Structures are given as structure tokens and as C-alpha cells.
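Before any comments, here is the structure.
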Amino acid sequence: MSSVSFLERLLDGVKVEWIALDDVIISLKTGLNPRQNFQLNTTDAEGYYVTVREIQNGKVTFLDKTDRVNKKALELINNRSNLDAGDLLFSGTGTVGRTAVIESKPENWNIKEGVYAIKPDSERIHAGYLYHLLNSREIVGDYSKKIVGAPVVSLPMSDLRRLKIPIPCPENPKKSLEIQAEIARILDAFTEL
């Protein structure tokens, strides 16, 4: 059973409005490319430089191959990405669509420019709900039509911003967030099975 058909069953009878992602987020940013900004793998590099490769199974996973950055580079990158707990990472280039929810504020890592940082408006959308939507067959099918480029493909940020997502009970934000949280909880449990 796909996430969307399961999601449709969970939403059975609930009023849903399809709203542009841009209307339920605070920001959509990227990390920073080392060209002209900093160097990777310097002798003082203690932090991690997260690329699409490190986004695995909904989490950020540091690998032996993960590039390293120093404290100054981390500060430069964070000035652009502004990562925080509850933000979502979305790979916008290369393998488009890998996602992860940031569980705690990053202290020793940050992202490259091909990874998008989505900061949800917590009064309008639940991060776990958005995570499952971005991995659902219907939403993946929608944004896949907008991927451009060769040999390296990407999803333009402007197209991601316009992506339509279903928001239950949009006229009642408190109820909407309760429904979204329950759906995320059920889908998390379903995914673990």
C-alpha cells in the first residue's frame, strides 16, 4: 500500500485543501559550495559536510567518505542554511528527493548547496507529516515531472516551492496539526513495520 493511498484512508471524511509548499514553510534555503568559500578536508576540519550521500533512510548518516569542514566553514554554511531542529533536508540535485528530519540543532555538520533546508511553519504543518508527504508516491510523481538537467539533474527550488500538498482542516490550524501529528505517528509506525 502506498503512503498516499494510506494517507487518503487516514484522511477519509476530513476536509483537505491542496496548498503550495511555500505557503506552509518559513524558508527554503541551501547550504554552500566550497568553491571560493572554504576548503574541504583541511587539517583542522572536525565537522561534517553533508551531501545527498549522507541522507539515508530519513536520517543524516556520517560515512567514512563524508567530507570534513572546519569551524569557520561551518559558520559560513550556517549563515546561509540556518539549520535547526525540526527542519527537513531535501536533496535537490543528483539523487533528487532524499529527505530527512533534523532531530537536534546541528553543531558539527552542515549541508552543501545541492541539499535544500526546508523550515516548516510549525503553526501550519507538522515536520513528520511533511516528511511523509515528500516521500509519498503522488508527491514524488508530481515533483519528478519538474526535474531538469543532464548529466546532473536537479529540482529547481522555485518548483519545489509551488509543489501542492494536502493540508487537513486548513480553517482550524490546531485541529489540522493534531491530525497531521497523528498521521505522522501512524506512518512512522507503518514504516518501521
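All residue numbers refer to positions in the sequence shown, counting from 1. None of the values given here were measured: they were computed from a predicted structure.
For the pair Ala117 and Ser81, the tightest heavy-atom approach, listed with the atom from each and the gap, is CB-O, 4.2 Å. Contact record, Pro170 with Glu17: CG-OE1, 3.3 Å, taken as the closest heavy-atom pair. Of all non-hydrogen atoms in Ser122 and Leu177, the two that sit nearest each other are O-CD1, 3.3 Å. Listed here is the closest heavy atom pair of Trp109 and Val50: CE3-CG2, 3.5 Å. Of all heavy-atom pairs between Lys105 and Ala85, the closest is N-CB, 3.8 Å. Considering every non-hydrogen atom in both Gly128 and Ala184, the closest pair reads C-CB, 3.7 Å.
Under the 4.5 Å side-chain heavy-atom criterion for grouping Ile, Leu, Val, Met, Phe, Trp and Tyr, Val69 is not connected to Ile55 through any hydrophobic cluster. In the hydrophobic clustering of ILVMFWY residues, with side-chain heavy atoms under 4.5 Å counting as a link, Leu74 and Ile102 come out apart. In the hydrophobic cluster analysis, where Ile, Leu, Val, Met, Phe, Trp and Tyr join through side-chain heavy atoms closer than 4.5 angstrom, Leu83 is grouped apart from Leu32. When the side chains of ILVMFWY residues are joined at heavy-atom separations under 4.5 Å, either directly or via intervening members, Met157 and Ile125 end up in a single hydrophobic cluster. Both Ile25 and Trp18 are part of a single hydrophobic cluster, where members link through side-chain heavy atoms under 4.5 Å apart.
At least one donor-acceptor pair under 3.5 Å links the side chain of Ser91 to the backbone N or O of Gly97. Panel note: side chain Lys119, backbone Asn82; a donor-acceptor pair is recorded below 3.5 Å. Checked by atom type and distance alone, the side chain of Thr66 never pairs as donor or acceptor with a backbone atom of Phe62 at under 3.5 Å. The backbone N or O of Leu155 lies less than 3.5 Å from a partner atom in the side chain of Tyr116, making a donor-acceptor pair. Between the side chain of Thr51 and the backbone N or O of Arg53 there is at least one donor-acceptor pair closer than 3.5 Å.
Taking the six-membered ring for Trp and thresholds of 30 and 60 degrees, Tyr49 and Phe38 have ring planes more than 60 degrees apart, a perpendicular arrangement.
Figure legend: cation-pi geometry between Arg68 and Tyr48, with NZ or CZ positioned under 6.0 Å from the six-membered ring centre and within 45° of its axis.
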Item checked: side-chain contact (heavy atoms from CB on, under 4.5 Å) between Asp87 and Ile118, intermediate numbers included -> CA-CA 6 Å; Asp87 291 354; Ile118 303 170; over 6 Å; no
Check: Between Thr30 and Ile111, does a side-chain contact (heavy atoms from CB on, under 4.5 Å) hold up when you go through it step by step?
Finding: CA-CA 7 Å; Thr30 68; Ile111 56 175; 5.7 Å; no
Item checked: CA sep, side-chain torsions, deciding dist, call: Leu63, Gln56, side-chain contact (heavy atoms from CB on, under 4.5 Å) -> CA-CA 11 Å; Leu63 310 167; Gln56 299 181 3; 3.7 Å; yes
Check: Please walk me through it: do Val52 and Thr93 pass side-chain contact (heavy atoms from CB on, under 4.5 Å)?
Finding: CA-CA 8 Å; Val52 63; Thr93 62; over 6 Å; no
Margin query: If you apply the rule salt bridge (Lys or Arg N to Asp or Glu O under 4.0 Å), what do you find for Glu178 with Lys175, and how did you get there?
Written below: CA-CA 5 Å; Glu178 288 170 359; Lys175 182 177 180 182; over 6 Å; no
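When each of Leu134, Leu89, Leu133 is paired with Thr99, the side chain to side chain contact (heavy atoms under 4.5 Å, CB included) condition holds for Leu134 and for no other.
Separating the OG1 atom in Thr61 from the CD atom in Glu54 is a distance of 8.5 Å, to the nearest 0.5 Å. With rounding to the nearest 0.5 Å, the separation of CZ in Phe90 from OH in Tyr131 is 12.0 Å. Note that the NZ atom of Lys112 and the CG atom of Leu40 stand 9.5 Å from one another [nearest 0.5 Å]. In this structure, the separation between CD on Gln39 and CG on Asn37 is 11.5 Å, given to the nearest 0.5 Å. Rounding to the nearest 0.5 angstrom, the gap separating the CD1 atom in Ile147 from the NZ atom in Lys145 is 12.0 Å. Atom CG of Leu21 is separated from atom CG of Leu130 by 6.0 Å, given to the nearest 0.5 angstrom.
Residues Arg124 and Asp23 form a side-chain contact, since some pair of their non-hydrogen atoms from C-beta on lies under 4.5 Å apart. Looking only at side-chain heavy atoms (C-beta outward), Leu88 and Pro120 come within less than 4.5 Å of each other. At least one side-chain heavy atom of Tyr143 sits less than 4.5 Å from a side-chain heavy atom of Val96.
Between Arg80 and Glu113, none of the side-chain N atoms (NZ, or NE/NH1/NH2) sits under 4.0 Å from a carboxylate O, so this pair counts as no salt bridge. Look at Glu75 and Lys72 and you find no salt bridge, because none of the NZ, NE, NH1 or NH2 atoms lies under 4.0 Å from a carboxylate O.
Heavy atoms of other residues, nucleotides or ligands lying less than 6.0 angstrom from CD of Glu107 number 12 at most. Other residues, nucleotides and ligands place more than 12 heavy atoms under 6.0 Å from the CG atom of Asp44. Atom CD of Glu123 is surrounded by 12 or fewer heavy atoms from other residues, nucleotides or ligands within 6.0 Å.
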Sequence neighbours excluded and cut-off under 3.5 Å, please list the side-chain donor-acceptor pairs for residues 161-168, or say none.
| unit_1 | atom_1 | unit_2 | atom_2 | d |
| --- | --- | --- | --- | --- |
| Arg161 | NH1 | Asp22 | OD1 | 2.7 |
| Arg161 | NH2 | Leu28 | O | 3.2 |
| Arg162 | NH2 | Asp159 | OD1 | 2.5 |

